[in-house]
Peer 1: 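Okay, handing you the structure first.
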Protein chains: 2
Amino acid sequence: MQQQDPEPAGETEPVAGAPRRPATIYDVARAAGLATSTVSRTFSNPTRVSARTREHVHAVAEQLGYQPNPLARALPSGRTRTVALIVADITNPHFFGIIRGAEEQVRAAGFTLILGDSKESPELEARHVEQLSRSVDGFLIAASRMADDSIRELASHRLTLINRQVDGYSSAIVDVVDGTRQIVEHLASLGHTSLVYLAGPRRSWLAAQRWHALRTAARALGLTATRLGPFPPTMHGGGAAADAALGSKTTAAVAHNDLLGIGVLRRFAERGVGVPSDISVVGYDDIFGADFCSPPLTTLAGPFEELGRAGVDLLLRARGPERRGPQPQQLVLPAHLVIRGSTGPAPG
Amino acid sequence: MQQQDPEPAGETEPVAGAPRRPATIYDVARAAGLATSTVSRTFSNPTRVSARTREHVHAVAEQLGYQPNPLARALPSGRTRTVALIVADITNPHFFGIIRGAEEQVRAAGFTLILGDSKESPELEARHVEQLSRSVDGFLIAASRMADDSIRELASHRLTLINRQVDGYSSAIVDVVDGTRQIVEHLASLGHTSLVYLAGPRRSWLAAQRWHALRTAARALGLTATRLGPFPPTMHGGGAAADAALGSKTTAAVAHNDLLGIGVLRRFAERGVGVPSDISVVGYDDIFGADFCSPPLTTLAGPFEELGRAGVDLLLRARGPERRGPQPQQLVLPAHLVIRGSTGPAPG
DNA sequence: TTAGGTCGCCCTATTGCGGTA
DNA sequence: GTACCGCAATAGGGCGACCTA
């Protein structure tokens, strides 16, 4: 090891000013005339040290610019005060809210956020988890593409899911069933009697949920529902999705997400199909841009930042005093339909 | 903690199957009949171990499921194999490309990415750096809002800047000067003789560069250039910016970024101002949405993912064998103008 | 007894130096 | 002298056990 320090014949480091080697509890203890353990307790268990001593230690620490080394702290305890967030696709604006919310809450708890992108790959997702397992106190997985069983195989890791539910794990999702019902009621009230679902990735739990909810709600209201796809959940995927929707002769298309929905709108514009005069389009997520595409997209908005924050809370709470097993919580946050120009009365 | 189950008088750990305590070099060393140092070297400095021994160690390690503990590895060596990326505003889609590129490259190098949001605050930025300094091998700061001197005070940390240049530090930026020239030439060729710059945050280095480049290019081509603002670089800020632009009687507005530009377009639409018939609008960044707002936004696109990747490369290369001081590199990547519907011939 | 303080081992890997063929 | 390998110090702090007024 050898700190590189008071060496005159300089090596690696630049300028002056900054202290070479960061102060440790040893330095603080020596300067304060105390044992290192006393210094340690001052920071990690302050009640076990007298007020006088505590202040003294703080003063000396401040003066020396001492800051506990998080690594040294984490090594024996196993607590890294770090959380990993793994998202299915970092380019999808849908995740930005989740990332932002999680980052915020993680910081608020004095933790650090590690970010990983699984690029829609369940394998990469699992690899991420394995590689980070020792460096992290827990995982947050948003829109996991792993199969339920694969998730269970990771059981030994502390894990909270976002927009995915698996028995035995904490999760935070937006209310797909109620949200989807809002979509279908809206379309029904506009006189539509049939709709198509432009499906998302086969491995997406959310896609399955949405389709299921759509079909159920449609039945309840006497509409027919058809599933087309799957399509890649990107703007690019909207081209094929739009054409498929046209082929189906329906009057209303519900896209798996806004990315796909906006892609559909573009394709319709290219082909001269009127929205909503010829066909209505609905999306999910209310992503950035859904309000200024043309026509603006009717979509199901969810509290995604809150989802991120709640995910962190669930994860961190699991370490609480009552660490009696996982006691998983399945949180469901409300969604609400944002009606914009892409939906209108059924033609004819 | 605690899986919910079988342990009778159990303590911490769960189920069957999984090995209780992860294997350490001690376990491997014992099983292989070697010293821990040999095992350690097998993984961290393979050439210093004979091929026979190496294979033996690998075999034993494999069998025991041994994986080096990254924390324990980092403590004595000081190398955490982790990089922190700090962005000025995580909600600005502009950064997504950078984040994605950085994440990709960091992973490719076998490192881990920590993400921080400074919320446009130089103080928070500095705090981030301080708090993470011990946990990270280096920092990537995108669009830093810190003053040059504050950045220099962080000198002891390994640091690479994205979209910001400071003497003595490595950086990767897009070519503002040339890019801005493209904008001005485009406007000049359409017959515009005056333009306004709708300015970004006062503390943004980029905003200063853009204005400077704009003024220089305008002069060279005989256009007048006026700066208005600053405005918050958000869609919301576009309202005031649009009104200010109208007040100036100009025929062309260059917005600090696309977020602001799209906000301007919306406001113009509300007020019945024709774009580009009454006024042309240009943005910077070519963010998600710039191609489907109405009218689609003419904007200066840059290779942002590449910026993220390059930033990581510069940072990691700094640790190379020739660790002769920082030897900073200032990388400048080309920008190109994407012409869309928001710019047209000057009216009249 | 209790509050304040001290000792010394724990965690897991790295690495300089020295020893053995 | 050259390859290999092992000993033991080191990194920095947590924490239980024990000691003193």
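Residue numbering restarts at 1 for every chain, and letters A, B, ... go by the order of the sequence lines.
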Peer 1: Round to a whole Å and report the spacing from NE2 of H56(A) to P of dG5(C).
Peer 2: 11 Å
Peer 1: Rounded to whole angstrom units, what separation is found between the CD atom of Q67(A) and the C1' atom of dA11(D)?
Peer 2: 18 Å
Peer 1: Picking from V57(A), V49(A), T42(A), what satisfies side chain to side chain contact (heavy atoms under 4.5 Å, CB included) with L34(A)?
Peer 2: V57(A)
Peer 1: Using the side-chain hydrogen bond (donor to acceptor under 3.5 Å, both in side chains) definition, which of the options E125(B), E123(B), E120(B) pairs with R145(B)?
Peer 2: E120(B)
Peer 1: Starting from P on dT10(D), measure out to CG on L75(B) and report it in whole angstrom.
Peer 2: 14 Å
Peer 1: Applying side-chain contact (heavy atoms from CB on, under 4.5 Å), run through R107(A) and L124(B) and close with a yes or a no.
Peer 2: CA-CA 11 Å; R107(A) 280 197 56 71; L124(B) 194 48; 4.1 Å; yes
Peer 1: Tell me, yes or no, whether the heavy-atom count around Q63(A) atom CD, taken from other residues, nucleotides or ligands under 6.0 Å, exceeds 12.
Peer 2: no
Peer 1: Whole angstrom is fine here: how far is it from CZ in R54(B) over to C1' in dC4(D)?
Peer 2: 12 Å
Peer 1: Sugar-phosphate atoms are those with a prime plus P, OP1 and OP2; base atoms are the rest. Using that split, label each nucleotide of nucleotides 14-21 of chain D B, S or - for protein heavy atoms under 4.0 Å, 5' to 3'.
Peer 2: BBBB----
Peer 1: Take the protein atom CD of E55(B) and the nucleotide atom P of dC4(D), then report the distance between them rounded to whole Å.
Peer 2: 13 Å
Peer 1: Without decimals, in angstroms, what is the distance between N69(B) CG and dC10(C) P?
Peer 2: 17 Å
Peer 1: Quick test of your reading: applying ring pair (Phe, Tyr, Trp, His ring centres under 6.0 Å), list the pairs with at least one residue in residues 58-91 of chain A, sequence neighbours left out, ordered by first then second residue.
Peer 2: F43(A)-H58(A), F43(A)-Y66(A)
Peer 1: Check whether more than 12 heavy atoms from other residues, nucleotides or ligands sit under 6.0 Å from atom CD of Q67(B), and answer yes or no.
Peer 2: no
Peer 1: Would you say dC4(D) has OP1 or OP2 under 4.0 Å from some side-chain N or O of T53(B)?
Peer 2: no
Peer 1: Within the 3.5 Å criterion, strictly below it, is a donor on S171(A) or Q330(A) matched to an acceptor on the partner's side chain?
Peer 2: yes
Peer 1: For L71(B), which contact category applies under a 4.0 Å heavy-atom criterion: base, sugar-phosphate, or nothing?
Peer 2: nothing
Peer 1: Quick one: on DNA chain C, does R134(A) or V49(A) contact a more 5' nucleotide (nearest heavy atom)?
Peer 2: V49(A)
Peer 1: Just how far, in rounded Å, is C1' of dC9(C) from OH of Y26(B)?
Peer 2: 13 Å
Peer 1: Provide, to the nearest angstrom, the distance between the CZ atom belonging to R52(B) and the C1' atom belonging to dA21(C).
Peer 2: 14 Å
